[in-house]
Structure formats: structure tokens, C-alpha cells
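Here's a structure for you.
In this text the structure is predicted, and so the values were computed from the model without any measurement. All values below were derived from every heavy atom in this structure, side-chain atoms included, with hydrogens, water molecules and symmetry-related copies excluded.
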Amino acid sequence: MNLKTSFIGLLFIVIPFFSNAQQSVNPNAFPVQITTANGIIEGEFDIKSIIQTFKGIPFAQPPIGNLRWKSPQPVTNWKGIKQTKKFGPRAVQSNIFGDMGFRSDGISEDCLYLNVWSPAKSSDEKLPVLVYFYGGGFAAGDGSENRYDGENMAKKGIVTLTVNYRLGIFGFFSHPELTKESPNHASGNYGFLDQNAALKWVQANIAQFGGDPKRVTIAGESAGSIAVSAQMASPLSKNLIAGAIGESGGSFYPTLAPVPLVEAEKTGLEFAQKIGAKSLKDLRAMSTLELFQKSSGTSMGIFKSTIDGYFLPQSLPEIFEAKQQAMVPLLLGWNSEEMNYRALNIGKELTNESYVAKIKELYGDKAEEVLKLYPKGTPEVTEQSATDLAGDRFIAYSTWKWFDLHRKNSAQNVYRYYFSKARPEMRDKDLEAGLAGGVIKKIKNTPKSVTPKGAVHSAEIEYAMGNLATNKDYSWTEDDYKVSETMMNYFANFIKSGNPNGEKLPVWQIATDVKNPEIMIIDIDSKATKAENEARYLFLDKEYKIK
């Protein structure tokens, strides 16, 4: 049995079609200036939203030339006024996911910029701060995406930031020569170090935007959520945050967990040899285009984060079990359909026979135990079980593991959700949902896409950040806006106080019960209940511990 196969690679099945949205001049805004540690920046104050925005603020030197594959370096101070009214470039990436719409200023290795939305009337307010990391499998994504826009969270009284970080070969490439030249004797975690640099920038500058550096909550979805768990675990970041939110993903096997440095170095060395680079000098001499072309088509996730002895001194389970993680409140959860059953039964029609055969292939003599947890039955029952197993293996288990470790190894409050609101119909009948939250064009003479059984991977982002209206693909209803207001208020309350509860919201209990922890079902009628499926994760936990 091979449990190392992750479903991350399956995300490549999504066929992208979006072009970049053009940025436009805001007719309802006038210039505003703030003095940062590096110089004066000029953003905009919108008279309708009553929010100040600063886009494309550099938080590190451009990681280009000799700074390619080096820790982010401090920004060089500037004279005069730097314009920060449009998003900076996004990190170099392929056009992978169909649900990403960018407002970035092109694509470049020079991508280390962040964006701030502030509701503050003065720099004395000490408002809570949210720093959001985008998802995309560490291979795609950007802080300019509409779904992460910080305006509506800012309207809740929160200074909100989105942060760019390096991706793919530029963000997670290890090589023996890189390790040797590093003063920390480490390589491979450049994307994570970018996020850490952004958190340091927040500590140094956020007070000027009316934010409180002692009240910083980090959040993210998918790879962004995995990054949040890693930042919680890192000795470099754990003292820079006051709270954490994870949406579908933790940096735990089998979901993009860090690998030993020597393993990542071996992967990097073999890749370099394959593309004809005999040395690090050869690699740095390659143009962006050349490296992009030579790395395109490689398996998504081939360049992994590393247990480098610097950013991550040990694996996350070891760090959490030693109680060395950030001791902060944690709110996290996952969606009801993180992956559909086709990911489990690739290429075959789902029947009880094919389902049982797949379970035996994956779990051998433990197949009967698995079938009790994910039972076969009517076509509907079997589909649901296969869907649940696919989602658990893809990303739900890793999120559960993070949840389980923090609640058992800290005295901090931990809140868990299960998001189950399915998206409404698409407006364009020529489009359909892709495998894990993406959007694809319907292709003639191909099997019809599976009708979602619940909330697909990434579906909750617009709800949580209050950005349904910016996603024009779906025919949102009053129920959707109701769910969004509920989820957004939970998140806003948690960012402000470490507790999601508040007026007119169903009470969300802390997850204290060891065997059947409390959980908040977020849907049209959100409600607190006891978890029903802990046995699934306890089984998977035993399976993955032996790997």
C-alpha cells in the first residue's frame, strides 16, 4: 500500500481560463500618506468605504540576481514619496487554477509586496490586525485576488493585510550549495521566510496604520493555512503573532509536510543536473523564463518545505508535542467536500465493487476497518463515503492533526468549524466546478462534472472574508449572504479577542472534549454540535504515524 500519494497533484486537472483583471483609477479616493520605517508611502482614502488602502508596499528587497534563493533582505530606505496605489507583481507561477482572478501588476521574481486596508482614523487606535496568506499549493496565488480583498474585514474594525511570497522553484528549492552558502546552513523555505519577513514588517510598521503589533492574527486557506501552521511552529515567527486561523490545511503528512533537508537537497540536485546546471552559479545565471520553462511540467509540490534546522528545527508534530509552538488561540476547520470521489476512483466508474477494490488496494488487511468508517451501500452512500475519504486524505486529516496537537499541547482555546454551505448555481452555463474549488469551461463530449455534495475546497474564502459580491461566477442568494455574515463575524470576533462568539451568533464552544470535541457547523442555520467522525481521523492518524 502506498499512502504517500497525495491529491495535491490532482489540482493540475483544473483548466484555467481567467485573464488578469485590469486595475483602474478609483474616482472616489484621494491620496493619503504614511511614514513607514523605510520612507513615506502614498495610498488612497475611499470616501465611500471610509477605508485607507496601500497596495504594493515592498517589505523586502527584490529577490533577484544574487538574492535569488536567499532569505529576504531588509528593504533599502527611499527618499521622496513611494506610490502604493496598485498591487505589485505576483510571484512567478503557471496558470494552474481556474478560480484565481488577479489584479497584480504582472508576474515577476520581484514579488515581495504586501497590501494594507485600514479603517483607522488615527495612528493611536491600536486596532487588531489580520495578516492573510493565500493558497495555491505553494505553486500559485497572489495577495491581489478579489476573494482575499481586505476592505470588508477592515470595515469590521480590523487592519487587514495580504502578503505575497515566493512560489514553486523560486520559493521552495533546496540544493547542497544553497545550504552551504547560507549563514543558517539551511535552504528551501524561502516562501515561509518571506512570510516571516512580512510579519517582522508588521511589527515595525503597523502602528502607523492604526494597528496594534501585539494583536496580530495570521490566517490562510489551503497552502496559506499550511503556512499558518508552519509559522506557528517556527521559532522565528511564533512570538510575532497573537492568534491563528486555518482554513483547510496543516503542514502535516500527507499534505505538503516539510521533508528532511537532505531529501530536499537531493531533489534539487537531481533537478539541476536534469536541466544541465552543474552549479548554483549556473542556476542563478538562468533567466526567469529559462527556469520557469525548465520547471514547468514538474510535479506540483516537488519543491517542498524543509526541516532545515533554522525556520523549522523539527517536524511540526515534534514541535507541537514538545509544546514549543506559538501559544496562541487557534480557530480552524475544513469544508464538507474538500475533494470529490473521482479523485479516489480515478478513471473508473464508482460502484461498490470498484470502491471496495480501491479500499483493499490502499489499506490491505485493514480494508474492513476502513469500510466501517467509510461504508459502501446505496449509490448515494458509496459516493458520500468515497467523497469523505478523498477529502480526508487530501487535506481534512492534516487540518485535524493540527487541531488535535494544539488542543492537547497548549492551554489555549481551540475552536473548530465544519463549513457545509454548497455554492449556488453558476451564472454562466458554459462553466462548471473543477476538482478542488477551481472553475473550468465545459468541454464537449466529456463526462459531466460531479454535482457538489457540499462545500468544495476553497469555497469558504469569499464567505469568511465578506467578498461574495466580487465573485461573479455564482448566483449568490440571501442565504449565501447570511452565511457570509455569520462566518465573517465569527472570524472578526476571534481576530479581536481570541474568541469567535458575539451578539446574535450561535454559541461556539471551545473544543475541550477529548473523544468527541465540540465543532461549529457553519451553514444557513449554523449550530454547535459534537464531532461525529473522530474515529475516521483517529484511524488515519495511526496509519500515517507509521509512515
* Asked: Would you say E125's side chain and K121's backbone share a donor-acceptor pair under 3.5 angstrom?
  ->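 Yes, the answer is positive, given that a donor and an acceptor are paired below the 3.5 Å cut-off.
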* Side chain R393, main chain P254, donor-acceptor under 3.5 Å ->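 No.
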* Are the side chain of W78 and the backbone of I40 linked by a donor-acceptor contact shorter than 3.5 Å? ->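 Side chain of W78 to backbone of I40: a pair is present.
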* So, for W476 and Y463, is the gap between ring centers shorter than 6.0 Å? ->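 Yes.
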* Asked: From D142 CG over to N164 CG, what is the distance, rounded to the nearest 0.5 angstrom?
  -> 4.5 Å
* To do: State the OH-CG distance between Y132 and L130, to the nearest 0.5 angstrom.
  =>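 Output value for this atom pair is 8.5 Å.
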* Check: E518/W508 side-chain N/O donor and acceptor closer than 3.5 Å ->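 No - no donor-acceptor pair under 3.5 Å links their side chains.
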* Sequence neighbours excluded, every pair satisfying side-chain hydrogen bond (donor to acceptor under 3.5 Å, both in side chains) that has a member inside residues 205-219 ->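 The answer is none; no pair qualifies.
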* Within a strict 4.5 Å, meaning less than it, do heavy atoms of the K421 and D523 side chains meet? ->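 With C-beta onward as the side chain, the pair touches.
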* To do: Say whether, by atom type as modelled, one donor and one acceptor occur between the side chain of Q231 and the main chain of V228 under 3.5 angstrom.
  =>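 Flag not set: sc Q231 to bb V228 has no pair under 3.5 Å.
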* Reference residue Q325; test side chain to side chain donor-acceptor pair (under 3.5 Å); the match among Q412, K238, H406 ->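 Of all the options given, the one that passes is H406.
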* Using the ring-ring contact (aromatic ring centres under 6.0 Å, His included) rule, collect all pairs that involve residues 192-246, keeping only residues at least two apart or in two chains. =>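 Pairs touching residues 192-246 that pass the test: F54-F209, F138-F192, F172-F192, F192-F311, W201-F209.
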* Asked: Could you give the distance from CD1 (I226) to OG1 (T399), rounded to the nearest 0.5 Å?
  -> 7.5 Å
* For the pair K155 and E151, evaluate salt bridge (Lys or Arg N to Asp or Glu O under 4.0 Å) and give the outcome as yes or no after the intermediate values. => CA-CA 6 Å; K155 288 178 181 177; E151 180 178 298; 3.5 Å; yes
* Asked: Mind checking whether P89 and I107 have side chains closer than 4.5 Å, heavy atoms only?
  ->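 No; the side chains remain at least 4.5 Å from each other.
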* Could you tell me which non-hydrogen atom of R166 sits nearest to which non-hydrogen atom of A91, and how far apart they are? =>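 For R166 versus A91, the nearest heavy atoms are CA-CB, 4.3 Å.
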* If you measure only the distance, is there a donor-acceptor pair under 3.5 Å linking the side chains of Y474 and R423? ->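 R423 and Y474 do have a side-chain donor-acceptor pair below 3.5 Å.
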* Mind listing the closest non-hydrogen atom pair of G88 and S104 along with its distance? =>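 Looks like O-CB, 3.3 Å.
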* Asked: Below 4.5 Å, heavy atoms only, C-beta onward: do S222 and S458 meet side chain to side chain?
  ->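 Side-chain contact under 4.5 Å: no.
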* Do any N or O atoms from the side chain of R416 and from the backbone of W400 form a donor-acceptor pair under 3.5 angstrom? ->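 No; judged by distance alone, with no hydrogens or angles, the pair does not exist.
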* Asked: If you round to the nearest 0.5 Å, how far is CD of E503 from CG of N493?
  -> 10.0 Å
* Asked: So, N489 versus K156: side-chain donor-acceptor pair below 3.5 Å or not?
  -> yes
* Structure fact -> What one should report as the nearest heavy-atom pair of A343 and A390 is CB-CB, 4.5 Å
* Does a donor on one side chain sit under 3.5 Å from an acceptor on the other, for N467 and N152? ->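 The answer is yes; a qualifying pair exists.
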* Once the angle between the rings of Y417 and F491 is folded into 0 to 90°, is it parallel (under 30°), tilted (30 to 60°) or perpendicular (over 60°)? ->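 Y417 and F491: tilted rings.
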* Asked: Can M100 and Y134 be said to form a side-chain contact (heavy atoms from CB on, under 4.5 Å), step by step?
  -> CA-CA 11 Å; M100 290 183 177; Y134 51 78; over 6 Å; no
* Pair V414-L332, side-chain contact (heavy atoms from CB on, under 4.5 Å): steps then yes or no -> CA-CA 8 Å; V414 179; L332 80 175; 4.1 Å; yes
* Asked: Closest heavy-atom contact between A120 and G210?
  -> CB-CA, 3.7 Å
* **Aromatic contact, Y537 with Y397 (centres under 6.0 Å)** => no
* Identified side chain to side chain donor-acceptor pair (under 3.5 Å) counterpart of S248 within the set E221, E460, E338 ->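 Going through E221, E460, E338 one by one, the side chain to side chain donor-acceptor pair (under 3.5 Å) with S248 is satisfied by E338 alone.
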* To do: Kindly indicate whether the side chain of M520, heavy atoms from C-beta on, has any atom under 4.5 Å from the side chain of P500.
  => no
* To do: Would you check, one step at a time, whether the test side-chain contact (heavy atoms from CB on, under 4.5 Å) holds for F87 with D105?
  => CA-CA 6 Å; F87 294 102; D105 187 17; 5.8 Å; no
* To do: Would you confirm whether E337, through its side chain, and G454, through its main-chain N or O, come within 3.5 Å as a donor-acceptor pair?
  => yes
* Atom pair CD/CD1 of E42 and I81 - distance to nearest 0.5 Å -> 5.5 Å
* To do: Please say whether more than 12 non-hydrogen atoms of neighbouring residues, nucleotides or ligands are located less than 6.0 Å from NZ in K126.
  => no
* Is there a side-chain contact between F403 and P517, using heavy atoms and a 4.5 Å cut-off? ->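 Answer yes - side chains close enough.
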* Asked: Parallel, tilted or perpendicular: which describes the rings of F45 and F30, with under 30° parallel and over 60° perpendicular?
  ->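 Taking F30 first and then F45, their aromatic rings sit tilted (interplane angle of 30° to 60°).
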* Check P506 against S526 and note the closest heavy-atom contact, atom names and distance. => CG-O, 3.4 Å
* Do I519 and T529 touch side chain to side chain, with heavy atoms closer than 4.5 Å? ->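 Yes - at least one pair of side-chain heavy atoms lies under 4.5 Å apart.
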* With a 4.5 Å heavy-atom cut-off, do V483 and I522 have their side chains touching? ->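 Heavy-atom side-chain distance check passes, below 4.5 Å.
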* Short question: side chain of D480, backbone of T477 - any donor-acceptor pair under 3.5 Å? ->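 Yes, because the side chain of D480 sits within donor-acceptor range (under 3.5 Å) of the backbone of T477.
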* To do: For N26 and E44, test the side chains for any donor-to-acceptor distance below 3.5 angstrom and give the result as yes or no.
  =>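 No, E44 and N26 have no side-chain donor paired with an acceptor closer than 3.5 Å.
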* **Test log, rule salt bridge (Lys or Arg N to Asp or Glu O under 4.0 Å), inputs E247 and R147** => CA-CA 14 Å; E247 302 167 51; R147 56 186 172 177; over 6 Å; no
* To do: Compare all side-chain heavy atoms of V216 with those of Q203 and state whether any distance is below 4.5 angstrom.
  => yes
* Any donor and acceptor pair, going by atom type alone, linking the side chain of T486 with main-chain N or O of K482 inside 3.5 Å? ->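 Between the backbone of K482 and the side chain of T486 there is a qualifying donor-acceptor contact (under 3.5 Å).
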* Atom of K323, atom of M327 and distance for their closest heavy-atom approach -> O-CE, 3.4 Å
* Structure fact -> d(F320 CZ, F252 CZ) to nearest 0.5 Å is 5.0 Å
* To do: Using only heavy-atom distances, determine whether the side chains of D149 and T470 contain a donor-acceptor pair under 3.5 Å.
  =>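 Distance-only check fails for D149 and T470.
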* **Side chain N189, main chain L312, donor-acceptor under 3.5 Å** => no
* **Backbone of G249 reached by a side-chain donor or acceptor of S225 within 3.5 Å** =>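 Yes, S225 side chain to G249 backbone: donor-acceptor pair under 3.5 Å.
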* Give the C-alpha distance, both sets of side-chain angles, the deciding distance and a yes or no for side-chain contact (heavy atoms from CB on, under 4.5 Å) between V131 and I241. => CA-CA 10 Å; V131 178; I241 62 176; over 6 Å; no
